[in-house]
Amino acid sequence: MTRGALIVFEGGDRCGKTTQCSKLVEYLQSTGVDTQMWRFPNRSTSIGQSINAYLSEQAHLDDAVVHMLFVANRLEQRTEMLRLLAAGTTLVLDRYSYSGVAYTAAKGVPGLTMEYCKSLEVLLPAADLVVHMAMTPEATAARGGYGQERYEKVEFQKKVMEAFESLRDERWAVIDASGSIDDIHKQVVAVVQPVVERARAGAPLGK
Ligand code: DGP
Ligand code: NA
Ligand code: NA
């Protein structure tokens, strides 16, 4: 039974993930792969609106509570995600559980450890591939629009980067996000294609 692949883009703020996700989706669709792009957090739901208020610093929420909102925002898409993957649609996600673990653990709040954060993601399918768009926080900070949202601070982004590095395993591909858009896109296509093939051939979805 053929299924879609779950491809996730992760990285610090302003690293160019959204641009690369869109280009990848366009590319896959042009080669006949049924593909959808999703973003997390999904700011359109009522939980997502609370998250948006928090990120834009219009609302102040306890760190544990806002973490639960991010988790719930992923879980509210779970059934649809599983349905689409099983129906053969490849999903390209702009952030997912790995951001959840990295950003919350980077806060260093007692109790909100990496292990605790990981435990809250177990109901969600694992990515077939995590594309880590790696770039130094100093370099992303020089990009337009930086600093508009809560987590866009160089010291914090350094901790997020370290957290992502400690989450890496054999399903991760690390790409230098400081290159040109077209160069990065070529590298992305090269790592994604075999993963889409394996999913199509029936490789089981991870947990
Ligand atoms: P954007 O990707 O630009 O829509 O920004 C979303 C922000 O939210 C970004 O700074 C990463 C952060 N984020 C994403 N998921 C989580 C999560 O589960 N927990 C926390 N604390 N932050 C998250
Ligand atoms: Na952001
Ligand atoms: Na983005």
Side-chain angles (χ1 to χ4, degrees), residues 6-25 37-78 81 91-127 130-167 175 177:
L6 185 56
I7 311 288
V8 173
F9 280 72
E10 293 285 8
D13 287 272
R14 311 276 161 183
C15 67
K17 284 183 310 302
T18 307
T19 303
Q20 290 299 329
C21 284
S22 311
K23 282 184 74 77
L24 175 64
V25 169
M37 174 175 165
W38 288 13
R39 290 186 75 157
F40 285 112
N42 172 358
R43 302 188 194 215
S44 72
T45 67
S46 63
I47 292 169
Q49 284 163 23
S50 301
I51 292 171
N52 185 56
Y54 173 81
L55 289 172
S56 56
E57 294 187 300
Q58 293 159 302
H60 296 279
L61 296 169
D62 177 85
D63 290 305
V65 172
V66 81
H67 187 67
M68 295 299 187
L69 294 182
F70 277 105
V71 173
N73 186 244
R74 288 185 281 276
L75 287 173
E76 62 186 343
Q77 311 293 329
R78 180 177 83 119
M81 199 184 303
L91 297 178
V92 174
L93 309 186
D94 182 352
R95 297 193 186 281
Y96 189 46
S97 302
Y98 312 91
S99 276
V101 174
Y103 277 76
T104 293
K107 292 179 175 181
V109 174
L112 294 181
T113 61
M114 217 167 236
E115 286 316 307
Y116 170 75
C117 294
K118 280 185 188 172
S119 74
L120 299 177
E121 305 293 325
V122 297
L123 295 177
L124 289 160
V130 179
V131 178
H132 183 189
M133 303 263 300
M135 197 164 156
T136 67
E138 287 83 358
T140 46
R143 291 186 164 177
Y146 191 89
Q148 285 169 2
E149 289 210 321
R150 186 179 288 269
Y151 295 135
E152 296 177 358
K153 299 177 183 82
V154 171
E155 280 317 304
F156 185 71
Q157 294 287 323
K158 282 185 184 162
K159 293 189 182 123
V160 170
M161 178 94 183
E162 284 165 19
F164 278 133
E165 283 168 359
S166 75
L167 287 170
I175 289 185

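Order of listing sets the numbers, starting from 1, for every ligand and every atom in it. This is a predicted model, so every value here is computed, not measured.
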Using heavy atoms and a threshold below 4.0 Å, how should the contact between [X] and ligand 1 be classified: side chain, backbone, both, or neither?
| X | value |
| --- | --- |
| R43 | side chain |
| R95 | side chain |
| V66 | neither |
| S97 | neither |

* Are S56 and Q58 close enough that a side-chain donor and a side-chain acceptor fall under 3.5 Å? -> yes
* 4.5 Å side-chain heavy-atom contact, R39 and K17 -> no
Identify, by atom number and element, the atoms of ligand 1 in contact range of [X], meaning under 4.0 Å from any of its heavy atoms.
| X | value |
| --- | --- |
| L55 | 6 (C), 7 (C), 8 (O) |
| T104 | 19 (N), 20 (C), 21 (N) |
| G100 | 16 (C), 17 (C), 18 (O), 19 (N) |
| R74 | 15 (N), 17 (C), 18 (O) |

* Is E115 salt-bridged to K118, cutoff N-O under 4.0 Å? -> yes
* **SB check D13 R150 (cutoff 4.0 Å)** => no
* Structure fact -> Contacts of P137 meeting side-chain contact (heavy atoms from CB on, under 4.5 Å) (sequence neighbours excluded), chain-then-number -> V154, Q157, K158
* May I ask whether E152 places a heavy atom under 4.0 Å from ligand 1? => no
* Consider ligand 1: state whether an atom of it lies below 4.0 angstrom from any non-hydrogen atom of R39. => yes
* Measure the spacing between CD1 of I47 and CG of N52 and express it to the nearest 0.5 Å. => 14.0 Å
* Classify the ring geometry between F70 and Y54 as parallel (under 30°), tilted (30 to 60°) or perpendicular (over 60°). => perpendicular
* Do the rings of F40 and W38 sit parallel, tilted or perpendicular, given the 30° and 60° boundaries? -> perpendicular
* **Heavy-atom nearest option to atom 23 (C) of ligand 1, drawn from F156, F40, F70, Y54** => F70
* Give yes or no for whether the N/O distance cutoff of 3.5 Å, strictly under, is met between D13 and ligand 1. => yes
* Would one find an N or O of Y151, backbone or side chain, under 3.5 Å from an N or O of ligand 1? -> yes
* Provide the full list of salt bridge (charged side-chain N to carboxylate O under 4.0 Å, His left out) pairs with a residue in residues 57-67, sequence neighbours left out, each pair given once. => D63-K107
